[in-house]
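To start, the structure under review is shown below, and the notes come after it.
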Amino acid sequence: MNSPPGADAGGLELPEPGAEASRHSTRLVQKILAAIEAAGGVIGFDEYMRRVLHEPGLGYYSGAALPFGPGGDFVTAPEISPLFGECLAQQLDDLLGQGCAPQVLEFGAGSGKLCAQILASLDALEQYLIIDLGADLKRRQQEYLRHELPAALFRKISWLQRLPEGFDGIVLANEVLDAMPAVRVVKRKTWREAGVAFDGERFCWREVDPRDDVRAALVAIEARVGALPAGYSTELNLNYAAWFGALARACDRVVVFIIDYGYEQDEYYHAQRVRGTLRCHYRHRAHDDPLVYPGLQDVTAFIDFDACADAAERSGFEPCGLVTQAEFLLANGLLDIVARRGEGADSATSLAIAQQVKTLTLPQEMGEKFKVLALQKNLDPNLPAMRRGGLLG
């Protein structure tokens, strides 16, 4: 293991992994050590993050551990409540009524609960495509959805290994972009890139000169938000352009919904946000040390929604708006759905529904931290839910 039992991550005592988990992590550590040695002693944090999350058979999202729900490390909105999927289905239904093709392409379907919620709520959908490259996740999704859905609905689902060609319809990415490998930087007298090295006992940070694309991105950010102070650390996601470029080539007439936690640039790179946005989750404990328990914990960085929308626009998409998750759900009938579910419900059920609504919508929960970015290509959709927020500047 890269860290001792009960690792202390930023003052938070983490529980010790079991023997099999430790062996799993050790196999991944050996691969990362070989990469560090091959690179001359240090690799970029984006390369480290790619390996701990996505290394075939060993990364967090490609291994056999169950990361979702009460038995995992975190809970996504579809895991919290079917209200999330029902509201999203209402938005999709409205788009189908405007002539949008009746098929969905979902990236990173997780446990499969969002897919189940949408298909159960929206009979008009003809096809539901899922792209999830982890073989174990795909297997678990198939098992869950086959059990959860009637056979007629399950037959609408197809799993893809690559993007389709000429896709028309609706694209969903719920908590996907935050898991893209990010570059870590810190400002001294000049900007430095925080790479990952090995000190003989554990992984550690090592500062190096930033790569040209990293340097150019930092110049652009400071031109937009002003000079950031010495000692400032943050993350850069340089994957947006490639991701949206590939999506644009695969799609013809689409509406895209990006749902994730993040900020616009003025807030993302606020001078007081001196430690960046990296967050790790291990057994429902959140902390900020990505170098412990490689392959056993989730590692994420918040979304820079300005950079995301700019990359999408350069690829041929048109931004339709950015709103908080609370605004989006309320505009898509959340309270009406709650009222229908509450009819005749006992007190325990009513209390559970009320708690779900609070978690999904309150500012201190998911309501404001999570945003919804809508994009379109070759369509002119009417999206009243997106009017509550402004277009990105």
Side-chain angles (χ1 to χ4, degrees), residues 67-72 74-97 104 106-125 128 130 141 144-145 147-150 153 156-157 170-176 178 255 257-262 284 321-374 383-389:
F68 303 100
F74 56 88
V75 182
T76 63
E79 302 277 348
I80 290 169
S81 172
L83 296 170
F84 181 83
E86 289 181 48
C87 289
L88 190 52
Q90 185 150 315
Q91 174 66 88
L92 271 55
D93 189 40
D94 183 63
L95 287 169
L96 299 189
V104 167
E106 184 184 1
F107 285 87
S111 67
K113 285 197 173 182
L114 180 59
C115 172
Q117 292 162 12
I118 290 174
L119 283 173
S121 303
L122 193 52
D123 290 339
L125 277 181
Y128 200 108
I130 293 175
Q141 289 163 7
Y144 170 76
L145 291 165
H147 177 269
E148 189 73 12
L149 294 173
L153 292 182
K156 294 182 179 183
I157 309 170
I170 299 159
V171 177
L172 303 177
N174 179 51
E175 292 197 53
V176 171
D178 62 85
V255 177
F257 292 101
I258 307 294
I259 308 167
D260 225 315
Y261 41 88
H284 291 282
L322 177 74
V323 296
T324 66
Q325 177 173 291
E327 290 171 326
F328 183 81
L329 296 178
L330 290 167
N332 279 295
L334 174 62
L335 297 183
D336 290 338
I337 296 170
V338 169
R340 289 197 300 271
R341 281 182 165 266
E343 291 179 359
D346 59 32
S347 58
T349 300
S350 297
L351 182 62
I353 293 173
Q355 184 57 53
Q356 292 166 16
V357 172
K358 289 179 181 179
T359 303
L360 291 173
T361 62
L362 287 181
Q364 65 269 31
E365 297 282 351
M366 300 178 74
E368 290 188 3
K369 182 172 71 172
F370 280 75
K371 312 290 195 304
V372 181
L373 172 65
L383 292 169
M386 306 310 297
R387 293 179 187 161
R388 297 175 180 232

Mind checking side-chain contact (heavy atoms from CB on, under 4.5 Å) for [X] and listing every partner two or more places apart, or none if nothing turns up?
X: Thr324; answer: Ala326, Glu327, Glu368, Lys371
X: Leu335; answer: Leu330
X: Val176; answer: Phe107, Ala173

For [X] and [Y], work out which heavy atoms get closest and say how close.
X: Ala116; Y: Leu149; result: O-CD2, 3.9 Å
X: Gln141; Y: Ile130; result: OE1-CG2, 3.7 Å
X: Val372; Y: Gln325; result: CG2-CA, 4.3 Å
X: Gly321; Y: Met386; result: O-CE, 3.2 Å
X: Leu145; Y: Gly112; result: CD2-O, 3.3 Å
X: Pro78; Y: Phe84; result: CG-CD2, 3.8 Å

Using residues 341-348 as the side-chain source, report each donor-acceptor pair under 3.5 Å to any protein atom, sequence neighbours left out, with the distance given to one decimal.
{"unit_1": "Arg341", "atom_1": "NE", "unit_2": "Glu86", "atom_2": "OE2", "d": "2.9"}
{"unit_1": "Arg341", "atom_1": "NH2", "unit_2": "Glu86", "atom_2": "OE2", "d": "2.4"}
{"unit_1": "Asp346", "atom_1": "OD1", "unit_2": "Ala348", "atom_2": "N", "d": "3.3"}
{"unit_1": "Asp346", "atom_1": "OD1", "unit_2": "Thr349", "atom_2": "N", "d": "2.7"}
{"unit_1": "Asp346", "atom_1": "OD1", "unit_2": "Thr349", "atom_2": "OG1", "d": "2.8"}

If we only count heavy atoms from C-beta on, is the [X] to [Y] side-chain gap below 4.5 Å?
X: Cys115; Y: Glu106; result: yes
X: Glu365; Y: Leu360; result: no
X: Ile118; Y: Leu172; result: yes
X: Leu88; Y: Gln117; result: no
X: Val104; Y: Leu125; result: yes
X: Asn174; Y: Leu114; result: yes

Working for side chain to side chain contact (heavy atoms under 4.5 Å, CB included), residues Ile157 and Leu119: CA-CA 9 Å; Ile157 309 170; Leu119 283 173; 3.6 Å; yes
Could you tell me the separation between the CG atom of Leu334 and the OG atom of Ser81, rounded to the nearest 0.5 Å? 8.0 Å
If you round to the nearest 0.5 Å, how far is CG of Asn332 from CD of Gln91?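 These two atoms lie 4.5 Å from each other.
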Who pairs with [X] by side chain to side chain donor-acceptor pair (under 3.5 Å), at least two apart in sequence or on another chain?
X: Thr361; value: none
X: Asp93; value: none
X: Tyr261; value: Asp178, Thr300
X: Ser121; value: none

Once ring pair (Phe, Tyr, Trp, His ring centres under 6.0 Å) is applied, do any residues pair with Phe257, and if so which ones, sequence neighbours excluded? Phe328
Quick one: do Leu96 and Leu122 satisfy side chain to side chain contact (heavy atoms under 4.5 Å, CB included)? Show the steps, please. CA-CA 10 Å; Leu96 299 189; Leu122 193 52; 4.2 Å; yes
Checking the side chain of Thr359 only, and the main-chain atoms of Gln355 only, is there a donor and an acceptor separated by less than 3.5 Å? yes
Test side chain to side chain contact (heavy atoms under 4.5 Å, CB included) on Glu175 and Ile259 and set out the steps. CA-CA 6 Å; Glu175 292 197 53; Ile259 308 167; over 6 Å; no
Partners of Lys113 by salt bridge (Lys or Arg N to Asp or Glu O under 4.0 Å), sequence neighbours excluded? Glu79
How far apart are the C-alpha atoms of Leu329 and Leu83, what are their side-chain angles, what is the distance that settles it, and do they pass the side chain to side chain contact (heavy atoms under 4.5 Å, CB included) test? CA-CA 9 Å; Leu329 296 178; Leu83 296 170; over 6 Å; no
